[in-house]
Amino acid sequence: MNELEQLELDVQGMTCDACARHVTKALQQVEGVAEAAVPGWQSGQATVKAAPGVSAEALATAVQAAGYSATVKSRQPLNGPGSQNGGSYDYDLMVIGGGSAGFAAAIKAAELGYRAAIVEAGTMGGTCVNVGCVPSKTLIRAVETAHQAGTHRFHGIHTAPGQIEWPKVIAQKDELVAALRQGKYADVLAGYPDVDYIEGYAKLTGKNGVEINGQSYSPYRILIATGAHPWAPPIEGLAEVGYLDSTAALDLKERPNSMIVLGANAVGLELAQTYARAGTLVTVVELLPRIAPFEDEAISAALAGYLEAEGLRIVTGFQTRRVQKQNGRYQVSGVHQDKELALDGEQLLVATGRRPNTANMGLEESGVKLGRRGEILVDETLRTDNPFVYAAGDVTGQDMFVYVAAYAGGLAAENALNGLSKPLDTSYIPRITFTDPQVASAGLTEAQAREQGYAVKVSELAMSHVPRALAARDTRGLIKLVADTDSDRLLGAHILAPEGGELIQTAVLAIRFSITVSQLRQTMFPYLTNVEGIKLALLGFEKDVALLSCCAG
Ligand SMILES: Cc1cc2nc3c(=O)[nH]c(=O)nc-3n(C[C@H](O)[C@H](O)[C@H](O)COP(=O)(O)OP(=O)(O)OC[C@H]3O[C@@H](n4cnc5c(N)ncnc54)[C@H](O)[C@@H]3O)c2cc1C
């Protein structure tokens, strides 16, 4: 016989003891319900023990027929998570990986009243704080500040070009990383007594077992949040000569005089511009026909122009054949426009993407399916093919951003522990490349929208139309909006602008909540801000923005 499940419901509309009796009775009459109880009408709650086939809709319908409304907020086997039912599990949730996804999941579990453990094989905090977002963004900002001091655009006012003391910048970066790791991870953990931190390398054993340092655990549910590592393509000679990955490039104690950067996506471009602005002669090499290859074409083209104007050399459509080292220098040879081309540099940074950390963890043996690049395959609720195991963050191989990892970690924990099926909505995820100007985008590019069959309308606005940009004497960039002519809904926004990342959230909200172009247009935007550029671009769907007076109407 199938084990009973326990369901917790939120009930609205009860105002007296009789109401509690009516709701109890209504629930008891649903087929498959063994027991139903309302602890008191003031609680607004009901508990049901039922066969696994009883649907949330059937319970909600029965309560509605009695004159109230109800939603199921959790469901799990009666012998479910240990802390609630005195079950025999070591932990309700064992989270493998102590990065952003793992921390968010464990905290969510504790907030829901469960016991969790985080297992971490390396450094607490994972990629973002130690070797990703934090160190890269502080280095970028340090170099940007010095660069702007030397290249401001106000006429007739001159300052000396910015100078960078590279070792000092690296030391300050290390201090910030240590402070944030302590403040945002170690100290936070101390505030959650129901979350244990276990140091060690975790492997799955069987359907729902975990082994760490030779010790076996039986958690109720497992969440894999093991992140990803820098990946290099199989190029002849590359592995033998060695190279920098993003982690090493963020920690060079001395700045090289020249550098070849393989890969022109976010990480490669950010580091390329940072080193170039600090004084390194940088060549960016990309296999695909354009840099920022997954962004809108207009953005890629404009960004390439700005980077080249700063002195970066960009070689796109380059097929790398071989890497060698001669006299301590890197020689990268390949084919470019049907001709052999050889590039030379003191350092070589390979920034060609990241691959999920899934090797040697007993995943496939435990029924967790992997994709072509080793990513864990999950459904939209983040459940793997093994119903005891969920996965979130970079290890799923998609949308490798820290806020996606954290959001997904919390969602996966809730689904796993409360027996829910909340889907992860990826349609509006913002993407930022922290070059200067920054690339910020959300939703579909024009090409994607057309491919998906939308009746597309497009508005493209040069930042030179935005008063804030004119006042700041920095008119680099553009805003491109993509909308559906039929529904008037915004489908995508693509921004290239100084601090462009600060502008994108308006578009994110519009895409997420289906706000139409005309609703957005009828909203006031503050004058002398760059975000006003979004309003101007919205107006650009219908008008020539050159004919507008002040403040975009
Ligand atoms: C240079 C760089 C810059 C970036 N900049 C940004 C940015 O500006 N904004 C942004 O949103 N994102 C950025 N990212 C991406 C972001 O850092 C990641 O998306 C995010 O950190 C992923 O979090 P996660 O929890 O999935 O994995 P991680 O943070 O990688 O955590 C996984 C953890 O699991 C541990 N682990 C692995 N295997 C095991 C095992 N078997 N047992 C126990 N522990 C294990 C690892 O040691 C690691 O600590 C950047 C990444 C890089 C590399």
Side-chain angles (χ1 to χ4, degrees), residues 94-106 117-141 173 177 180-181 184-185 197-205 210-213 217 222-231 244-251 261 263 265-272 274 349-363 368 374-376 382 391-410 412 429-435 438-440 501 504:
M94 180 160 264
V95 180
I96 304 179
S100 311
F103 263 69
I118 296 174
V119 190
E120 173 54 58
T123 311
M124 180 185 285
T127 302
C128 181
V129 71
N130 293 303
V131 294
C133 333
V134 172
S136 63
K137 265 77 253 182
T138 193
L139 276 190
I140 288 169
R141 181 52 109 197
K173 178 263 304 178
V177 165
L180 285 182
R181 184 172 52 235
K184 296 290 168 194
Y185 292 87
Y197 187 78
I198 303 172
E199 289 182 356
Y201 190 87
K203 284 182 175 193
L204 297 203
T205 51
V210 179
E211 190 186 292
I212 310 158
N213 306 331
Y217 294 83
I222 298 164
L223 175 71
I224 301 177
T226 47
H229 59 274
W231 173 83
L244 300 174
D245 59 18
S246 62
T247 303
L250 286 168
D251 208 28
V261 178
N265 220 317
V267 171
L269 290 175
E270 289 176 8
L271 285 167
T274 299
L349 164 61
V350 178
T352 44
R354 295 173 68 78
R355 291 283 160 94
N357 295 326
T358 49
N360 306 320
M361 283 186 64
L363 293 174
V368 174
E375 74 277 17
I376 295 184
L382 302 172
D394 284 7
V395 76
T396 60
Q398 289 159 19
D399 303 308
M400 292 193 184
F401 300 105
V402 68
Y403 40 90
V404 180
Y407 187 89
I429 291 174
R431 310 175 289 269
I432 318 286
T433 300
F434 288 80
T435 44
Q438 287 175 4
V439 180
I504 196 69

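Heavy atoms only: backbone and side chains are in, while hydrogens, waters and symmetry mates are out. As the structure lists them, so they are numbered: ligands from 1, and atoms in each ligand from 1. For clarity, every value in this text was computed on a predicted model and none was experimentally measured.
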Can you list everything that forms a salt bridge (charged side-chain N to carboxylate O under 4.0 Å, His left out) with Glu375? Sequence neighbours excluded, please.
none
Residues passing the salt bridge (charged side-chain N to carboxylate O under 4.0 Å, His left out) test with Lys203, sequence neighbours excluded, are none
Measure the CZ-OG distance between Arg141 and Ser136 for me, rounded to the nearest 0.5 Å.
12.5 Å
Taking side chain to side chain donor-acceptor pair (under 3.5 Å) as the test, write out the residues that go with Asp251, two or more places apart.
Lys173, Lys253
Mind checking whether Val119 and Tyr197 have side chains closer than 4.5 Å, heavy atoms only?
no
Between ligand 1 and the protein, which N/O pairs are shorter than 3.5 Å?
| residue | atom | partner | partner atom | Å |
| --- | --- | --- | --- | --- |
| ligand 1 | 5 (N) | Lys137 | NZ | 3.1 |
| ligand 1 | 8 (O) | Lys137 | NZ | 2.8 |
| ligand 1 | 11 (O) | Val402 | N | 2.8 |
| ligand 1 | 12 (N) | Val402 | N | 3.3 |
| ligand 1 | 19 (O) | Asp394 | OD1 | 2.8 |
| ligand 1 | 19 (O) | Asp394 | OD2 | 3.2 |
| ligand 1 | 19 (O) | Phe401 | N | 3.4 |
| ligand 1 | 21 (O) | Cys128 | N | 3.2 |
| ligand 1 | 25 (O) | Ser100 | N | 3.1 |
| ligand 1 | 25 (O) | Ala101 | N | 2.9 |
| ligand 1 | 26 (O) | Asp394 | N | 2.9 |
| ligand 1 | 29 (O) | Thr127 | N | 2.8 |
| ligand 1 | 30 (O) | Thr127 | OG1 | 2.5 |
| ligand 1 | 41 (N) | Ala202 | O | 3.2 |
| ligand 1 | 42 (N) | Ala202 | N | 3.0 |
| ligand 1 | 44 (N) | Ala121 | N | 3.0 |
| ligand 1 | 47 (O) | Glu120 | OE2 | 2.5 |
| ligand 1 | 49 (O) | Glu120 | OE1 | 2.7 |
| ligand 1 | 49 (O) | Glu120 | OE2 | 3.0 |

Looking at Trp231, I'd like to know if the NZ or CZ of Arg355 sits under 6.0 Å from its six-membered ring centre while staying within 45 degrees of the ring's axis.
yes
